[in-house]
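Structure first, then comments.
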Amino acid sequence: MPTRTRPPLPGYPFESRWFTHDALRLHYLDEGDGAPVLMLHGNPSWSYLWRRLVLALRGEHRCIAPDHLGMGLSDKPAAGRHPFTLASRVDDLDALTDHLITERSAPENGWTLVMHDWGGPIGMAWAARHPGRVSRLVVLNTAAFPDPHGPRVRPALRLPLWLLRETRLGERLFLRHHAFARLATLPPFGLRDRLPPDVRAAFLAPDDGREHRLAVQRFVHDIPLGPGDPSWPLLVRAGETLAAFADRPVLIGWGLRDPVLDPLMLREWRRRLPRAQVHAFPGAGHYVLEDAHDSLVPAITAFLRHTEPAVTAFLRR
């Protein structure tokens, strides 16, 4: 399948692969050999987020990093062409992983799940469909359970969420100005330090038109705040699935300057997964893999190497 012309992407020397699902092309990376490591980005990111980790791991692991539909180099369907819901994201991932298992020789078990931001709910809801497939977790500033702050939106988030979800101004900020993604790639909103200009441009490059920004907006609209929201049951189910990982290898890497996924979220992960190996970075923000990559990438590499016997046991099942 032909690939698209794309601008230079620093630190991203990978072959693009494509999977067609429901007549839409989903872009993904599939680099290296070994037990699969599935890396799931969130909003407003794409597989570029994983570039350093893929380069570090592909000598020993099979690194798979999809771009959710509407994001990155994947197709950008119009509003009526894709639901842009948590359930549809899980369906997309399920179709891709089934393809990799049945057509591209990926094993059924022994997967490592690496999750950031919305990657947590998507990944754990997918894991709930396939008990036993995932042998390890790497958790990076994400959530896969109801907000431990409680059902009321925190005061600091109440006005921004209302503006972005309920107003015409919010729509213009998303679709015309790409403000959500632009702010997320600036300190102090998503990072501690400024990104090099070419790296920030790469994060923003795939969303170069109004129709390419719809998925970013819909992710925010789909945030499940309470039982009345469509994605709430899946979020609860994802949280329940975490109990199965209490005795499996887990690494948590956390930027403590995240303004949304704050230290209370980290505390909830530690409560649910008390045996997890935790690396907390006081100076890092939401994009912890950008701010703390010098320490975090080697920590993940060492964690995977040290826990490889657990994956081998899963592969033999």
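Here, residue 1 is the first one in the sequence, and each next residue gets the next number. Given the structure is predicted, the values throughout are model-derived calculations rather than measurements.
Counting only N and O atoms by type, the side chains of H212 and D207 include no donor and acceptor under 3.5 Å apart. H286 and D117 form a side-chain donor-acceptor contact under 3.5 Å, judged by distance and modelled atom types alone. For D94 and H130, the side-chain atoms include at least one donor-acceptor pair closer than 3.5 Å. Inspection of the T85 and D222 side chains reveals no N or O donor paired with an N or O acceptor under 3.5 Å.
Remark: aromatic rings of F14 and W50 are distant, center separation not under 6.0 Å.
A heavy-atom distance below 4.5 Å is not found between the side chains of R176 and E171. Side-chain contact check for H21 versus L26: every heavy-atom pair is 4.5 Å or farther apart. Side-chain contact check for N43 versus F180: some heavy-atom pair is nearer than 4.5 Å. You'll find the side chain of F281 stays beyond 4.5 Å of the side chain of R192, heavy atoms only. When side chains are defined from C-beta on, P121 does not count as touching L234, because their heavy atoms never get closer than 4.5 Å. A 4.5 Å side-chain heavy-atom check between L251 and T307 finds every atom pair outside the cut-off. Side chains of P187 and D193 form no contact here, defined as non-hydrogen atoms less than 4.5 Å apart. Here the side chains of M39 and C63 are in contact, with some heavy-atom distance below 4.5 Å.
Remark: side-chain polar atoms of E31 are paired, donor with acceptor, to backbone N or O of E15 under 3.5 angstrom. A side-chain donor-acceptor contact under 3.5 Å links S74 to the backbone of H27. Side chain of W269 to main chain of T142: a donor-acceptor pair is present (N/O by atom type, distance under 3.5 Å, no hydrogens or angles). For the pair D98 (side chain) and A95 (backbone), a donor-acceptor distance under 3.5 Å is absent. Counting only distance, with no hydrogens or angles, the side chain of T185 and the backbone of R200 share no donor-acceptor pair below 3.5 Å. Remark: side-chain polar atoms of H68 are paired, donor with acceptor, to backbone N or O of H41 under 3.5 angstrom. Counting only distance, with no hydrogens or angles, the side chain of R165 and the backbone of I223 share a donor-acceptor pair below 3.5 Å.
Through chains of ILVMFWY side-chain contacts below 4.5 Å, F189 is grouped with L183.
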Expected list for residues 259-267: side-chain donor-acceptor pairs under 3.5 angstrom, two or more places apart:
from	atom 1	to	atom 2	distance (Å)
D262	OD1	H149	NE2	3.1
D262	OD1	L264	N	3.2
D262	OD1	M265	N	3.3
D262	OD2	H149	NE2	2.8
D262	OD2	R154	NH1	3.2

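Distance CH2/W46 to CG/L204: 10.5 Å, rounded to 0.5 Å. Expressed to the nearest 0.5 Å, how far CG of L73 lies from CE of M71 amounts to 12.0 Å. Rounding to the nearest 0.5 Å places CD1 of I122 at 10.5 Å from CG of L113. Rounding to the nearest 0.5 angstrom, the gap separating the CZ atom in R237 from the CG atom in L86 is 13.0 Å. Y287 OH to L186 CG: the interatomic distance, rounded to the nearest 0.5 Å, is 10.5 Å. In this structure, CZ in F174 is found 10.5 Å from CG in L169, a value given to the nearest 0.5 Å.
Residues L93 and V134 are members of one and the same hydrophobic cluster, defined by side-chain heavy-atom contacts under 4.5 angstrom among Ile, Leu, Val, Met, Phe, Trp and Tyr. Linking ILVMFWY side-chain heavy atoms closer than 4.5 Å, directly or via other members, places L214 and V216 in two distinct hydrophobic clusters. There is a path of hydrophobic side-chain contacts, each under 4.5 Å, that joins W126 to I101. By the rule that hydrophobic residues join a cluster once side-chain heavy atoms approach within less than 4.5 Å of another member, L175 and L161 end up as members of one cluster. Cluster annotation: W232 is not connected to V220 through the hydrophobic network of ILVMFWY side chains, with a link wherever side-chain heavy atoms come within less than 4.5 Å.
When all heavy atoms of R272 and A246 are compared, the closest pair comes out as O-CB, 4.4 Å. Closest non-hydrogen pair, P206 versus A202, comes out as CD-O, 3.5 Å. The minimum heavy-atom distance between D291 and G283, with the atom names listed, is OD2-O, 4.5 Å. Nearest approach of S135 to P249, heavy atoms of both residues: O-CD, 3.5 Å. For the residue pair P224 and W118, the shortest heavy atom distance occurs at CD-CH2, 3.9 Å. A pairwise comparison of heavy atoms in P298 and S295 identifies CD-O, 3.4 Å as the closest pair.
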- Task: Kindly determine whether Q277 and H306 satisfy side-chain contact (heavy atoms from CB on, under 4.5 Å), including the steps that lead there.
- Result: CA-CA 12 Å; Q277 179 185 140; H306 177 72; 5.9 Å; no
- Task: Output, in order, the C-alpha distance, side-chain angles, deciding distance and verdict of side-chain contact (heavy atoms from CB on, under 4.5 Å) for V138 and V37.
- Result: CA-CA 10 Å; V138 176; V37 178; over 6 Å; no
- Step by step, work out the side-chain contact (heavy atoms from CB on, under 4.5 Å) result for V278 and W254. CA-CA 8 Å; V278 179; W254 206 269; 5.8 Å; no
- Query: side-chain contact (heavy atoms from CB on, under 4.5 Å) between Y28 and H99: does it pass, once the steps are laid out?
  - Reply: CA-CA 12 Å; Y28 68 100; H99 165 72; 4.1 Å; yes
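Stacking of R89 on the aromatic ring of F219 is recorded, both the 6.0 Å distance cut-off and the 45° axial limit being met.
Other residues, nucleotides and ligands contribute only 12 or fewer heavy atoms inside 6.0 Å of the CZ atom of R194. Heavy-atom contacts from other residues, nucleotides or ligands closer than 6.0 Å to CZ of R270 number 12 or fewer.
Shown are L137, L140, L38; of these, the side chain to side chain contact (heavy atoms under 4.5 Å, CB included) with M115 is made only by L137. Each of L296, L57, L289, V297 was checked for a side chain to side chain contact (heavy atoms under 4.5 Å, CB included) with R52, and the lone residue meeting it is V297. Screening D30, T112, D33 for a side-chain hydrogen bond (donor to acceptor under 3.5 Å, both in side chains) involving R62 leaves a single residue, D30.
Under a 4.0 Å N-O distance rule, the pair E268/R271 qualifies as a salt bridge. A salt bridge links R136 with E308; the closest basic N to acidic carboxylate O contact falls under 4.0 Å. Using a cutoff of 4.0 Å between basic side-chain nitrogens and carboxylate oxygens, E290 and R51 are scored as salt-bridged.
Take F84 and apply the ring pair (Phe, Tyr, Trp, His ring centres under 6.0 Å) test, not counting sequence neighbours, and it matches H82.
The aromatic rings of Y12 and Y48 sit tilted relative to each other, their planes meeting at an angle between 30° and 60°.
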